Amino acid sequence: MPVGHTCWRRGINELCLQLCRFTLLPSSSAITCWQGTWVTCARAMGHGTPDNMNWTGLLQNLLLMVHLKQIVCGSIQLSIPEELEPGILVGSLGEHFPPLYQLLTQEYLRMDSNMGNIYTTGHKLDREALCPKETIPGDCSVVHNALVGPTEDLIQFLVIIEDINDNAPLFEMSEIHLRVSEDVTVGTSFFVDDQARDEDVGINGELQYHLEGSDGVFTLKVENRLVIELVVEKALDREIQELYHMQLVATDCGTPPLSSSAALMVTVTDVDDNCPSFSSDSTLTVTIPGDSLENTLVTQVTATDPDLASNAAIVYSFSPKVSERVKEIFSLDSHTGHIRLTQNLHSDKPEEVGLIVLASGPHCPPSGTQVTVFILPKANQELSIKIGLIAEHHNQTMVLPENQPPTVLAVLELQGDSGFKGSSLAIEGDVPFSLSPQNGKYLLSTSKPLDYEMKDEYSISVVAHVRSADGPLILPSRQTIRLLVVDVNDNAPHFSQSQYQLEVEENNIPGMSLLQVSATDADGGRNGKVTYRLDDSTSVIFNIHSTAGQLSVRAPLDREQQSVHKLTVFAQDGGSPPLESQATICIHVLDQNDNAPGFLSTHFIFFIRENSSPFTQVGEVEVKDPDEGENGSVSLHVVNSSGLFSIDKSQKIHTTTKLDREVEDHHEFYLVARDNGHPVALASTARVTVFVEDINDNPPKVILPNSNSSCLTVSPSTLAGTVLTKIYAIDEDSGLNSEITFAVVAPESAQNRSPFQIHPRLGTITLSQQLVPKDVGMHHLFIVVRDSGKPTPLYTTVWVNLLVNESISDCYLDKVPTWKGASDLLLSPSKAPICDVETTRSARVILFIGLTMILTSVSLLLVTACLYLKHRSLQKNKRGCASENEIPLRLRDKYYSDE
Ligand SMILES: *[C@@H]1O[C@H](CO)[C@@H](O)[C@H](O)[C@H]1NC(C)=O
Ligand SMILES: *[C@@H]1O[C@H](CO)[C@@H](O)[C@H](O)[C@H]1NC(C)=O
Ligand SMILES: *[C@@H]1O[C@H](CO)[C@@H](O)[C@H](O)[C@H]1NC(C)=O
Ligand SMILES: *[C@@H]1O[C@H](CO)[C@@H](O)[C@H](O)[C@H]1NC(C)=O
Ligand SMILES: *[C@@H]1O[C@H](CO)[C@@H](O)[C@H](O)[C@H]1NC(C)=O
Ligand SMILES: CC(=O)N[C@H]1CO[C@H](CO)[C@@H](O)[C@@H]1O
């Protein structure tokens, strides 16, 4: 229980109590405090002294009071709405007192010790809980104590807790029951004892009432906001509405208003305000046979009274005016209204009896109804219907094919007592037959074509309604004719599906069952028996069981040959003529990885010029895989090409580097094509040969003489025609590019005529004429060695120095001569034959002669040159002219050998 007292209203005793509370906070001294304070307060109030007063405690308290310098009471007050969230600033002591500040009770409020600001805490202020008794707004207040200022003066301030509309009105009962008699007069009011309560005060607790769902039958009258009355506004009738279900709603006047409701149930109680009555169409006409037995139930009369229980009690009786005959043969049960026979009837005459039954209730005039009873006599002569069947019949049953236009089936004739006049014949029930009178007879015919599939058998019931000459009715007579409908083949078989879709993996087992088709025929018997067949073109591969409709495949399917098969299946019934219908079956063959990638050739041959830049396209291969999707997606790889070639996705082969024919004149490698099939990928390989075509990239190389300063002494007595020496040169290219010619550009001696000649093919230097004395001396021959490459041949030059002197001693050159002529030494190459084996052979003979002559200076080089030349000529012999013709024909980019 918090400190919930106001100091000014409760007098000094309360002040003392407060004082005690906040000065003697330690609980051990609380009791003493209480005693002391009590006495002080009691005295001040003039209430005398209790016996066991603790004077020591009282003294202490008085001392404490003296010690407290100042008590401020009521000079400061705060107004705080209830239910505030924690941490909201609600006021401040800072503007009234200097710091510091200390709040002595911290339950609902806390104070900032430096500023004196007062905030709400997590413990919410609830006005209804703190001051449950206070009903005047602003009356709920709590005294708070604080120590303020440097001297810690005790002050009190008042916190007024303001009401907010946080409580809805509340009815004690959720249902209010009232009972109102149905004969109550309009304007009567009934006190409703159930009021709602609202815990809020002031306007928040002020209630207003209204009624919902009353439809204007009731209204509400509220006096002084406390007395609630229900006013009847319209006349009530329990027989129309017994229970009124309304809502009594109480709303307070807060903002926003809160409301609640209780169900108000008004039960209208019964008053005997209705009398028994027969319904307006209750006049009864009953027919009973003339031979009915005693106690036979003739009929029952029923009157109604809408009142309840005893107010609705009905008593039946015969009107006192009924004839003696009625009283003699009928009895009436006064409670149930049952009319029975009191005796066995033996009536052979038709008779009509009229009864009047009265229904009466308490305080009610009787209400009456009339009952007419026809008593029919036993027919004294049997009435019969004679039937003459016209339609085909067996054993009195007619047989008619379906779908016939309206046909006459039989002739009917009434036979019996001639006294029966005005008798008539009719067909019972809703059947497709009709009767037409003709010359006192009746023709029975179908009224519409019959459908075997709808109904295959009819029982036609023919009734004769007969009226005797005397007037009243006589019991009707009835006869049944059977008719069987015969089926006609008027329905074609009907497929349950007009289209079938199916997926089958290729390479299936022959005879595999695929699908069951089914067609139904509404006809019966043979007309409804269905057989299946396929169209002729597809029945080679597929087969259908003629009666079961089971479709199977005879042979393995190959998707690569045909991926979709479209079949037409026919269903035929057994009628004559037969009827037929058809359906289509679409079979999709699913792929299997059953084809390896295939190269167009097993061996591809390509040519490429040497020295082509890297990534030059060598050629293109073609590879195909007829499978589908991943199974047919091929990737290509180059195998064993020493990294010289690569293949890209578009199946083009490229070089990866420059190729040098002089190093390797052809390359062989393999291509592997692999598909992506799962689980097994298939692969195949093809061989590729790439020939490197020569280009003139090597100039001739002079091997002998090996320097420009070589020197040969020629004796002046040498005979004309003698071969003096030979120039050896080689060219690493092939063909024309290696075909070498020799020419002397200009002799050094500057004379018109030179005694030396060079053979343009063999490179031999011959003395062309007898030497004369003026020839003695040094001759420098500048020789151009040129290959036959197209368009521009390559060449090298060499100096050959010949000394014409008697002395056989070694000649030597002081200085290498220099060429001062034109720098462009390219002359058109000689037209000498490319290949001359015999000359080559004779050249070898001359070589040996030359060798002996210059043995002394070049013996070492000679051995090397000799070996080299030997090797070259061997190669030449091997290849020769003929072998060059063996290069396969060139077709665009691709080459195919005859391998
Ligand atoms: C009276 O009060 C004093 C001080 O509070 C205490 O020491 C003493 O024991 C009390 N005596 C009795 C009889 O309670
Ligand atoms: C003729 O029909 C009746 C009933 O309809 C049947 O009991 C009888 O066996 C049938 N006779 C022949 C020969 O079908
Ligand atoms: C590829 O073939 C395998 C069987 O070899 C099959 O399971 C798979 O469905 C095929 N893939 C495609 C895309 O047809
Ligand atoms: C590639 O070379 C390896 C050895 O270097 C050999 O085993 C393999 O058979 C070769 N592949 C083909 C396709 O020739
Ligand atoms: C000889 O001289 C020519 C032209 O002066 C020069 O091109 C050639 O390289 C020389 N040959 C040798 C082997 O020094
Ligand atoms: C240039 C040269 O060697 N000349 C010589 C030619 O021969 C005679 C002797 O026969 C020598 O004396 C020359 O020196």
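Note that the coordinates shown come from a computational prediction; the quantities given were computed from them, not determined experimentally. All ligand and atom numbering here is 1-based and tracks the order in the structure.
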Check ligand 3 for close polar pairs with the protein: N or O on both sides, less than 3.5 Å.
unit_1   : atom_1 : unit_2 : atom_2 : d
ligand 3 : 2 (O)  : Asn593 : N      : 3.1
ligand 3 : 2 (O)  : Asn631 : OD1    : 3.3
ligand 3 : 2 (O)  : Asn631 : ND2    : 2.3
ligand 3 : 5 (O)  : Asn593 : N      : 3.0
ligand 3 : 11 (N) : Asn631 : ND2    : 3.0

Check contact between Asn706 and ligand 5, using heavy atoms of the residue and a distance below 4.0 angstrom. yes
Number the atoms of ligand 5 from 1 as they appear, then name those within less than 4.0 Å of a heavy atom of Thr797, with their elements. 3 (C), 4 (C), 6 (C), 7 (O), 8 (C)
Just by distance, do the side chain of Asn708 and the backbone of Trp799 share a donor-acceptor pair under 3.5 Å? yes
Can you check whether Leu659 reaches Ile608 side chain to side chain, under 4.5 Å on heavy atoms? yes
Strictly by disulfide bond (SG atoms under 2.5 Å apart), give each pair with a member in residues 777-819 just once, sequence neighbours left out. Cys711-Cys811
Assess Arg687 against Tyr670: is NZ or CZ under 6.0 Å from the centre of the six-membered ring, and within 45 degrees of the ring's axis? no
Is there any disulfide bond (SG atoms under 2.5 Å apart) pair reaching into residues 592-678, and which pairs are they, with sequence neighbours excluded? none
Quick check: His654 with Phe645 (ring centres under 6.0 Å apart)? no
Within the 4.0 Å heavy-atom shell around Phe782, which atoms of ligand 5 are there? 4 (C)
Quick note on ligand 5: atoms under 4.0 Å from a heavy atom of Ser707 include exactly 13 (C)
Would you mind listing every salt bridge (charged side-chain N to carboxylate O under 4.0 Å, His left out) that reaches into residues 507-517, with sequence neighbours excluded? none
Taking the side chain as everything from C-beta on, heavy atoms only, tell me whether Phe542 gets closer than 4.5 Å to Leu514. yes
